[in-house]
Amino acid sequence: KKIPKNSLLSMPSYSSTCPKCTLIQSDPMACLCELCGASLLPQVAKKRRPLPPSTNIARTQTTTKKRKANDPKQRSILSFFRKQGEPMQMVSSDLSEGASTHPFDGKDIHSESAIAPTQHLPPASDDDQDFHAPTQPFQEEHENTAAVAPATQLYNSDTDDDQNEHDVKTKADLKLSIAPTQLYDDNDDKSKTEANLSITPTQLYNDDDDDKLITDATVINQEEPMDLLHDKFESRRGLQQLVSDEGSVYYRVIASTLSAVSSTRSRLSKERALVNAFSWLNSAQCEAEEFEATAYLLAPVKDSQTGGHRLQPDFISPEGGLGLGWRSVIEQAILDATGCSRSELTNARKKASDSAEAAAMLLKRLGTRRWCFGGKPRTLTVTEVRDNLLKLGLMNGPGANSRKSKLLTSLFGRATPNEMAWLIRTCNAHMSCGISLEASVIPALAQALNPRCPTQEVRAAYARRPDVRCVIDALLQSNNNNDDAISILKNIGVSFGIPLQPMLATAGNSIQHALRDFGSDQILAEHKYDGQRAQIHYADGTTTMYSRKLDEITNKYPQLVHILNSKLGNKCIILDAEIVAENTDGEGGQVFQALTSKRDDVSLVVFDLLWFDNRCICDLPLFERRRLLIEEVLPIESSSIRLAKSIQIDRNSLAIVQKELMHAVAANCEGLVLKQLDSKYEISGVGIRSKAWLKLKKDYIEGMVDSLDLVPIGGWRGSGRKSNWISPILMATYDQETQELACVSRVMSGFSDEFYAAFTKRVLGPKGIKATIENDISDLNLLIRNGPAPGVNTSENCEFWFKPGLVWEIRAADITLSPTHRSAMGIFHAKRGLSLRFPRFIRERPDKRLEQATSSSQFANFYRQQQSRGDTMTLSISNAKPLDDDEKETPLSSKPKRRILHEDGEQVARSLLVYDNDAELSPPLPLPSSTVVAEEDGDVGCVEQRRLILLGADES
DNA sequence: GCTGGCTGCCC
DNA sequence: ATTCTGC
DNA sequence: GCAGAATGGGCAGCCAGC
């Protein structure tokens, strides 16, 4: 079996001499001997267990299954304890109890690492140096000699070249990096990145102190170091380093792979490192469970939005998170594991690129003394790490945090510095290394197990059934039998009871473009309700609901579940729907906020049917699915369950869409979703948005939503790629009479990198963020060192405070009643101010002085307008046309009707939106604050007494 | 038993 | 959720 | 155009500490 040479992600090169017949292969990439057919891949004794007969079967919960007592590994642990006369409480899956309280306590360390001897050392050879106990255990290491991995972070916010050259030198001198997080290179100089890559012999052996002690002999033996980035693979020594004799993959595979992945920005290189890792596991004939644990641990963060964890399929456990806070758990564990004080950690943090690296530096400083008590480094295995992390997530009740930190301490105690750094990043749910499970790890897995498997196919299979194990089983099957991966993956289908990845809509920013880009003429314009997405699996009186991210939410809405159970009868269906809170008495407009606090009195707005008549109907066109939904499912009598409001249009219905958008907004919806009526329910990958659905939100369309002119009053130092800049930034309203600056919202979205760099320098001086690191800041143009400016009203504790003076335009989707922000506090609620939903920076307003910024009373007025949005819209619309359902059939009025938008104040309205039933429409013009108040005909509905500026059809 | 802070999960 | 950026 | 990073408001649930 040959690997195609033209494959972008080719396999690592293997030994080119057959171990059986000693024929030298002509093709160095061959996996099987040309003469005798023997495998050229390195072998270990362990045989992969038989695969399940079919991949299309319901998942059994193998991930949480404990190793059985007759497992050879477990047996050897037990016998070891008997030999030692130790109590048998310490088993690998239960490290939390009786864990060491201090790392230098010899006895505890000893028992903690007692598992290590069960890992048989490989037979003596040159390669075994790595595992030898250090001969000079108490030797102190110097930081700069200890670090082998070059510091690869290039966090240069500076745009001038001199500064960058300086940084390069500093970087080389310090060599602080242990586990480089992703490169953030502001400079375009590619050669720098390349140089870094070429001198990164990635760190399977040489990333840690304890390795370093092995010194010269090791270095000599590392003529061909294992290099995850450059496809070099030396099989003779490799496998013993990666996989234990029992076939367990060491966690160091994860740590090294992630270090390699984060050391480059190139997606291909990242992918190659991942493919290599899985190729090794395949060479070692690892079992599916090892692949699975490895895959999850390479990308253990559920998604960057929420930061939750995923160590097994989402639907298996309703609680995905581990409940590990930095301050409550992780920090304590680091201090215990390194024996350092809080202030030492804080100091280390200043030199490191992130907290994980800081902790690893401290551990590295500890040197090898911690191994002296009989422990062996690098014996952590992936399944063990995964099981312990899952266990952390299950710990609750009084004292949970200290139990968690003890368990973590014991894991850290057996980790090398680099492993510890990645464990910490895992616990923090902040890997920041440029890969995700669905888009990088799964395709790499496929590439390693079957290079002919197209990425698209695995991703789609995983989206149909988001269960890594299922995909691995299929790929292993195709790998074993040399089968066609595509046909095997096609067997992984949507399964009732297992949530599938919901279809997502692409964002559209103008109606014209949206309609033009559609490939089909028949379009459904559906209201986009403001609630929570729900996928409902219902069979014979039992409902299970899943969220957009596939967590189970059945218990969140008991009343709704009860209604479904009693109404849907003897069916078996999967519905796609939105849960909304519509009866928001007295909370006008706050539909979403109402939903999050209410659990009853919510209704279900259904818009799709995915399973019917005992089969998946995703491949049917939308109009067929809707027909079935309307005819077969929704004739039920319940005020809580109904169909999403929609109209059918064609591609030339610009004006109708515009009007429908108005209706939707008036009905407290977020906007519209335009759907091609002949499209399938596309499940092409997790997170992939389909073009057959297009969402039109009111705030995407300029001029349909408020924007405010706010004053930046403070900010914080960013993290990751923004760590050299100030981000986020706290914005406030300004009241001229009282000179009060009341906080409204933090903003972090909408700023370009260029803007950040300029603003940070403007605040902190030419040294930028470095000034704060070097404690070299004084009051500058914009910076106030000792607290907020006079008049600032906020509960926020900013790192930096600014002198007020700048005015920036900020746009948002909605105004919310806020428990934290202070602007307009007391007007609508004694203890609540106003804030913004989805705030983003639009532009600077250098033309505006502080006095012209939005005031808290203006802000309050915007909120009032929003609250009465539905009323206002209805008034205008009902003046224009009837709202009946047969509206679309009635001929359009020949008389133009217009919406006039106005702005309060002296200046002429900066913009307006003309809404015209004739084909000709003026493009929407920018508008800072908008209210629909009038029709040209003279029917005027005012929200408030305001001066109106009416612009006629001919005026520009 | 209450409150404040942290975490996870919605948008 | 939004937005920006490198690939 | 994809994929990923950084981080928005705000709620409930949970735990720690008073």
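All heavy atoms count here, side chains included; hydrogens, waters and symmetry mates do not. All chains are named by letter (A, B, ...) in the order of the sequence lines, taking the proteins before the strands, and each is independently numbered beginning at 1.
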Salt bridge (charged side-chain N to carboxylate O under 4.0 Å, His left out) involving A:Lys697 - partner list, sequence neighbours excluded: A:Glu670

Out of D:dA6, D:dG8, B:dC10, whichever nucleotide has its closest atom nearest the side chain of A:Pro728: D:dG8

Residue met sooner reading DNA chain D from 5', once A:Arg689 and A:His430 are mapped to nucleotides: A:Arg689

SB check A:Asp551 A:Lys556 (cutoff 4.0 Å): no

Touch class at under 4.0 angstrom, heavy-atom based, for A:Lys556 against every strand present: nothing

Pairing residues for A:Glu844 by the side chain to side chain contact (heavy atoms under 4.5 Å, CB included) criterion, not counting sequence neighbours: A:Phe755, A:Arg762, A:Trp808, A:Phe841, A:Pro846

Listed nucleotide nearest any side-chain atom of A:Glu670, set D:dG8, D:dA5, B:dC11: B:dC11

A:Ser405: side chain to side chain contact (heavy atoms under 4.5 Å, CB included) partners, not counting sequence neighbours: A:Val329, A:Gln332, A:Ala333

Nearest-nucleotide comparison on DNA chain D, the residue closer to the 5′ end among A:Val747 and A:Ser440: A:Ser440

Between P of D:dA3 and CZ of A:Arg265, the distance in whole Å: 18 Å

Touch class at under 4.0 angstrom, heavy-atom based, for A:Lys691 against every strand present: sugar-phosphate

Sugar-phosphate only, base, or nothing, as touched by A:Arg459 at under 4.0 Å among non-hydrogen atoms: sugar-phosphate

Same-atom distance (C1') from D:dT7 to B:dC9, integer angstrom: 15 Å

Pairing residues for A:Ile842 by the side chain to side chain contact (heavy atoms under 4.5 Å, CB included) criterion, not counting sequence neighbours: A:Glu809, A:Arg811, A:Arg840

Where protein sits on nucleotides 9-18 of chain D, one letter per nucleotide: B base, S sugar-phosphate only, - none, heavy atoms under 4.0 Å: BSSS--SS--

Side-chain N or O of A:Ser432 closer than 4.0 Å to phosphate OP1/OP2 of D:dA6: yes

Sugar-phosphate, base or nothing in reach of A:Phe841, heavy atoms under 4.0 Å: nothing

Partner residues of A:Glu438 under the salt bridge (charged side-chain N to carboxylate O under 4.0 Å, His left out) criterion, sequence neighbours left out: A:Arg310

